[in-house]
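Quantities reported herein were computed from a predicted structural model and do not represent experimental measurements.
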Amino acid sequence: MKKTLLDMRHVPVFMWVMYWGSATAGYLISVSEGIVPHCFPHIQGCTTISQSGREGLSFFIFKAVMIPAASLTAIYWVLTHHWLRSLERDTRSTIAITTLGLIGSIFLVVYLTFLGSEGEVYRALRRYGTIIFFVFTFIAECMLTYQCRRRLRLNWIIVVKIVLCSLVLLELLVHGVAKFILEETRWLENSTEWRSASVLTLYPVLTWLLWLRTGFEIRYSSKSNVG
């Protein structure tokens, strides 16, 4: 097989760098411009990911990087579909995982597209776009973890996948209980969003490591006698 300029197997790594880089850059720029307060958002929850990329210079950088990253996420789920099919011909679970992942990716693009737009309709699109992205992506990742555990020999990568899914679930449970105990939970909601987003965007890198370990390859071919 001829080597290509871009090995599509490395899409998860590009995704992680783009997500992490744009969110961090957006927050730091917003802090420097006085748009959001200075803190450690993953712990203190002084702002949301959206607020740090909604105004000023960060608005353009955030959308310019995040939308392509969301598109790569859709490609990641398609590649994951082919990888799972190469391990076992269980089409029902594979199709379910791919469908959930793709729907989550589409709604992330919807959220990013209308980020910064004013109006109730746009606000609703952003809200539901965020919710569907997080929920569907989380479910798809948990289902993928189960399939990895079932189809492959247990290793440290799968263990980390299980831990990450468990951490996100624990975050959601703690947040749900805290709403009935604490009077002010805005900071908790914000910090939970930052931590959960970090986990969800790191998860595909673990899948990439499994691709390499199992020898997953993407081949390209074309007919030379067309004409």
Side-chain angles (χ1 to χ4, degrees), residues 8-20 22-23 49-50 66-113 125-152 154-173 175-176 192-214 216 218:
M8 294 298 289
R9 290 181 305 172
H10 302 322
V11 161
V13 179
F14 298 139
M15 287 165 46
W16 181 77
V17 172
M18 293 169 74
Y19 278 130
W20 181 256
S22 59
I49 299 175
S50 298
M66 278 288 195
I67 291 179
S71 302
L72 287 180
T73 303
I75 295 175
Y76 159 75
W77 287 112
V78 173
L79 294 177
T80 299
H81 173 88
H82 290 290
W83 176 61
L84 289 173
R85 290 291 302 274
S86 70
L87 297 177
E88 182 180 304
R89 297 288 179 176
D90 182 4
T91 57
R92 288 178 299 177
S93 61
T94 301
I95 291 175
I97 292 170
T98 307
T99 301
L100 289 170
L102 288 175
I103 292 174
S105 303
I106 291 171
F107 275 88
L108 177 59
V109 173
V110 171
Y111 154 74
L112 292 168
T113 300
L125 288 171
R126 291 197 303 272
R127 181 170 63 251
Y128 288 112
T130 304
I131 293 173
I132 293 176
F133 164 69
F134 271 100
V135 173
F136 278 48
T137 301
F138 175 63
I139 295 174
E141 290 182 349
C142 289
M143 292 177 64
L144 177 56
T145 300
Y146 172 76
Q147 291 301 321
C148 290
R149 178 66 185 91
R150 189 174 70 84
R151 303 182 189 192
L152 301 172
L154 184 65
N155 55 59
W156 71 268
I157 303 173
I158 297 177
V159 171
V160 175
K161 277 177 171 283
I162 296 172
V163 170
L164 291 183
C165 288
S166 301
L167 286 175
V168 174
L169 181 59
L170 180 62
E171 286 271 17
L172 296 176
L173 292 175
H175 177 260
T192 298
E193 177 186 286
W194 280 92
R195 289 191 297 269
S196 298
S198 297
V199 170
L200 293 181
T201 54
L202 175 63
Y203 184 94
V205 176
L206 298 174
T207 305
W208 168 72
L209 292 175
L210 287 177
W211 290 355
L212 299 181
R213 175 170 289 209
T214 56
F216 179 52
I218 303 167

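In this structure, the side-chain hydrogen bond (donor to acceptor under 3.5 Å, both in side chains) partners of Y203, at least two apart in sequence or on a different chain, are T145, K161. Residues satisfying the side-chain hydrogen bond (donor to acceptor under 3.5 Å, both in side chains) criterion with T98, sequence neighbours excluded, are H81. E193 meets the salt bridge (charged side-chain N to carboxylate O under 4.0 Å, His left out) test with no other residue; sequence neighbours excluded. Partners of W83 by side-chain hydrogen bond (donor to acceptor under 3.5 Å, both in side chains), not counting sequence neighbours, listed by chain and number: T214. Under the side-chain contact (heavy atoms from CB on, under 4.5 Å) criterion, L170 pairs with V174, not counting sequence neighbours.
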Solution key, residues 130-141 side-chain donor-acceptor pairs under 3.5 Å, sequence neighbours excluded:
{"from": "T130", "atom 1": "OG1", "to": "R126", "atom 2": "O", "distance (Å)": "2.8"}
{"from": "T137", "atom 1": "OG1", "to": "F133", "atom 2": "O", "distance (Å)": "2.6"}

Considering only distance and modelled atom types, tabulate donor-acceptor pairs under 3.5 Å from the side chains of residues 99-112, sequence neighbours left out.
{"from": "T99", "atom 1": "OG1", "to": "I95", "atom 2": "O", "distance (Å)": "2.7"}
{"from": "S105", "atom 1": "OG", "to": "G101", "atom 2": "O", "distance (Å)": "2.9"}
{"from": "Y111", "atom 1": "OH", "to": "S50", "atom 2": "OG", "distance (Å)": "2.3"}

Distance-only criterion, 3.5 Å: show the donor-acceptor pairs between side-chain atoms of residues 68-78 and protein atoms not counting sequence neighbours.
{"from": "S71", "atom 1": "OG", "to": "I67", "atom 2": "O", "distance (Å)": "3.1"}
{"from": "T73", "atom 1": "OG1", "to": "Y19", "atom 2": "OH", "distance (Å)": "2.6"}
{"from": "T73", "atom 1": "OG1", "to": "A69", "atom 2": "O", "distance (Å)": "2.9"}
{"from": "Y76", "atom 1": "OH", "to": "T207", "atom 2": "OG1", "distance (Å)": "2.8"}

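For the atom pair CG of L144 and OG1 of T80, the computed distance is 6.0 Å after rounding to the nearest 0.5 Å.
A side-chain donor-acceptor contact under 3.5 Å links R9 to the backbone of F216.
Minimum interatomic distance between T201 and W16 (heavy atoms only, all atoms of both residues): O-CD1, 3.4 Å. Residues H10 and W208 come closest through the heavy atom pair ND1-NE1, 2.9 Å. Contact record, N155 with I157: OD1-N, 2.9 Å, taken as the closest heavy-atom pair.
Looking at H82 and R85, their side chains never come closer than 4.5 Å, going by heavy atoms from C-beta outward.
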